[in-house]
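Residue numbers start from 1 in every chain, and the chains themselves are labelled A, B, ... in the order their sequence lines are given, proteins ahead of strands.
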Protein chains: 2
Amino acid sequence: MKKQATCNTSTQCKKRILAIKDAMEILSGKWKFHILGTLLLNEKMRFMDLLREVEGIAPKMLSKELQDMEMNRLITRSVINTKPITVEYSLTEAGRTVEPLVNELATWGEAYRNELYS
Amino acid sequence: MKKQATCNTSTQCKKRILAIKDAMEILSGKWKFHILGTLLLNEKMRFMDLLREVEGIAPKMLSKELQDMEMNRLITRSVINTKPITVEYSLTEAGRTVEPLVNELATWGEAYRNELYS
DNA sequence: ACACATAGTTACCAAAAGGTAATCAGTTTC
DNA sequence: GAAACTGATTACCTTTTGGTAACTATGTGT
């Protein structure tokens, strides 16, 4: 009786593992948290605004990530019929729920960094 | 004055972006959260235990991820001089600080999934 | 006519991530 | 002495990710 089944048997634990996998699939990649973080601060942003604010991202990547997150219903894309056509991106209600997660990530990252230089 | 500099100018915001980048670098990949989550539940685990508990991982990946996290001081590796040599892995103090993050990730993933089927 | 801004798309390429399968070296059990 | 368990490592390959650069199409200002 050395082997204590800590996880694989428990339904709760399987749900947890699945939840983590889900979250990572949707939020993975180099840019999503940065885009979401920027949109959390700004509410409505145009493509070029994001391109400027999210430092280092290329239009291709921005476009792809926005499409990705639109499909996952984290953000909304709305075309505004202005003189030069503009497109506004903003978080959905679901998108805004990432806020605590982004905060936790930032907090952890900062704490980790501080710990190194202590 | 249309362009409101929301982020790039603020020192606080740059720190935040850096923190997120740091965290993602250290915790990225398919397996780290699963390994950390398992170690959060078990305290001390041997290589083969992890191989069995972290479903689907190959020894190569487990080995690599453990080395990675050991270098980043999230886990400790200690060789125990038993009959067949055993190696114990456990979280460091720094490693245990990921707990809220793992929880937040799991919570978000579950909420997201529930929202889809509502 | 020319430059510039809008919002992207496309082709091409390099690097990283991750999977499979085999192997290794030591020890213990049969 | 053969098989099995310990904790890995290695070679090889495929997929995914992400970057660069160029290009499209529309419209505005000069």
Side-chain angles (χ1 to χ4, degrees), chain A residues 1-4 17 20-36 38-39 42 44-72 75-90, chain B residues 1-4 17 20-36 38-39 42 44-72 75-90:
Chain A
M1 218 182 272
K2 216 175 194 173
K3 170 123 350 104
Q4 40 179 336
I17 289 167
I20 290 174
K21 219 167 72 185
D22 281 356
M24 290 205 315
E25 249 161 54
I26 292 164
L27 301 170
S28 68
K30 189 175 174 180
W31 298 110
K32 295 208 187 72
F33 278 113
H34 294 297
I35 297 171
L36 291 170
T38 306
L39 281 171
N42 285 285
K44 276 173 197 296
M45 293 188 81
R46 288 177 300 162
F47 189 84
M48 286 316 233
D49 290 341
L50 282 165
L51 203 56
R52 278 182 288 256
E53 288 282 343
V54 181
E55 222 183 284
I57 198 169
K60 171 192 144 184
M61 268 296 124
L62 181 55
S63 176
K64 201 210 108 204
E65 299 290 55
L66 288 170
Q67 279 174 33
D68 241 56
M69 293 193 285
E70 198 195 349
M71 276 196 298
N72 286 324
I75 61 173
T76 331
R77 177 183 185 272
S78 36
V79 179
I80 313 291
N81 208 327
T82 43
K83 324 95 183 218
I85 188 178
T86 53
V87 179
E88 278 184 357
Y89 293 95
S90 57
Chain B
M1 219 184 266
K2 215 173 191 171
K3 167 126 347 108
Q4 39 179 334
I17 289 168
I20 290 175
K21 219 167 73 185
D22 281 355
M24 291 205 313
E25 247 160 57
I26 292 164
L27 301 170
S28 68
K30 190 174 173 181
W31 298 109
K32 293 204 187 76
F33 278 112
H34 295 297
I35 296 171
L36 291 170
T38 305
L39 281 172
N42 285 285
K44 276 175 197 298
M45 293 189 81
R46 288 175 300 161
F47 189 83
M48 287 316 235
D49 290 340
L50 282 164
L51 204 56
R52 277 182 290 255
E53 287 281 342
V54 181
E55 222 182 284
I57 199 169
K60 172 193 144 182
M61 268 296 123
L62 181 56
S63 176
K64 200 209 111 204
E65 299 291 53
L66 287 171
Q67 278 176 33
D68 241 56
M69 293 193 288
E70 198 194 350
M71 274 196 298
N72 286 324
I75 61 175
T76 330
R77 176 182 186 273
S78 35
V79 178
I80 313 291
N81 209 326
T82 44
K83 323 93 183 221
I85 189 178
T86 52
V87 181
E88 277 182 355
Y89 293 95
S90 57

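Residue B/Arg77 has a polar side-chain atom (N or O) positioned under 4.0 Å from OP1 or OP2 of D/dA8. Taking side-chain N and O atoms only, B/Ser63 has a distance below 4.0 Å to OP1 or OP2 of D/dT9. Between A/Arg52 and C/dT6, a side-chain N or O to OP1/OP2 separation shorter than 4.0 Å is present.
Distances from the side chain of B/Lys60 to the nucleotides D/dG19, C/dG8, C/dA21 place C/dA21 closest. The side chain of B/Tyr89 has D/dA8 as its nearest neighbour among D/dA8, C/dT6, C/dG8. Distances from the side chain of A/Met48 to the nucleotides D/dG18, C/dA7, D/dA8 place C/dA7 closest.
Each of A/Ile85 and A/Met61 has a nearest nucleotide on DNA chain D; the 5'-most of these lies closest to A/Met61.
For B/Glu25 and D/dG18, the CD to P distance is 13 Å, given to the nearest whole Å. Protein atom CD of B/Glu88 is 14 Å distant from nucleotide atom P of D/dT6, rounded to whole Å. The nearest whole Å value for the distance from the CD atom in B/Glu65 to the P atom in D/dT9 is 13 Å. Remark: C1' of C/dT6 and CG of A/Leu50 are 14 Å apart, rounded to the nearest angstrom. Rounded to an integer number of Å, the gap from CD1 of B/Ile80 to P of D/dG7 is 11 Å. As rounded to whole Å, 10 Å separates atom C1' of C/dG18 from atom CD1 of B/Ile57. C/dT6 atom C1' lies 11 Å from atom CG of A/Asp49, rounded to whole Å. Between the CG atom of A/Leu66 and the P atom of D/dG18 there is a distance of 14 Å, given to the nearest Å.
Proximity of a side-chain donor or acceptor of A/Lys21 to a complementary backbone N or O of A/Ile17 within less than 3.5 Å is not detected. No side-chain donor-acceptor contact under 3.5 Å links B/Lys64 to the backbone of B/Lys60.
In the region residues 29-36 of chain B, proximity to DNA chain C at under 4.0 angstrom, judged on heavy atoms, holds for B/Gly29, B/Lys30, B/Trp31.
You'll find the side chain of B/Asn42 stays beyond 4.5 Å of the side chain of B/Asp49, heavy atoms only. A/Leu50 places a side-chain heavy atom less than 4.5 Å from the side chain of A/Leu66. Residues B/Met45 and B/Thr38 are in side-chain contact: their nearest non-hydrogen atoms beyond the backbone lie under 4.5 Å apart.
Shown here are the salt bridge (Lys or Arg N to Asp or Glu O under 4.0 Å) partners of B/Glu25, two or more places apart in sequence or in another chain: there are none.
Within the 4.0 angstrom heavy-atom criterion, only backbone atoms of the sugar-phosphate kind lie near B/Gln67; the bases stay farther away.
In terms of heavy-atom proximity, A/Glu65 sits nearest to A/Trp31 at OE2-CB, 3.8 Å.
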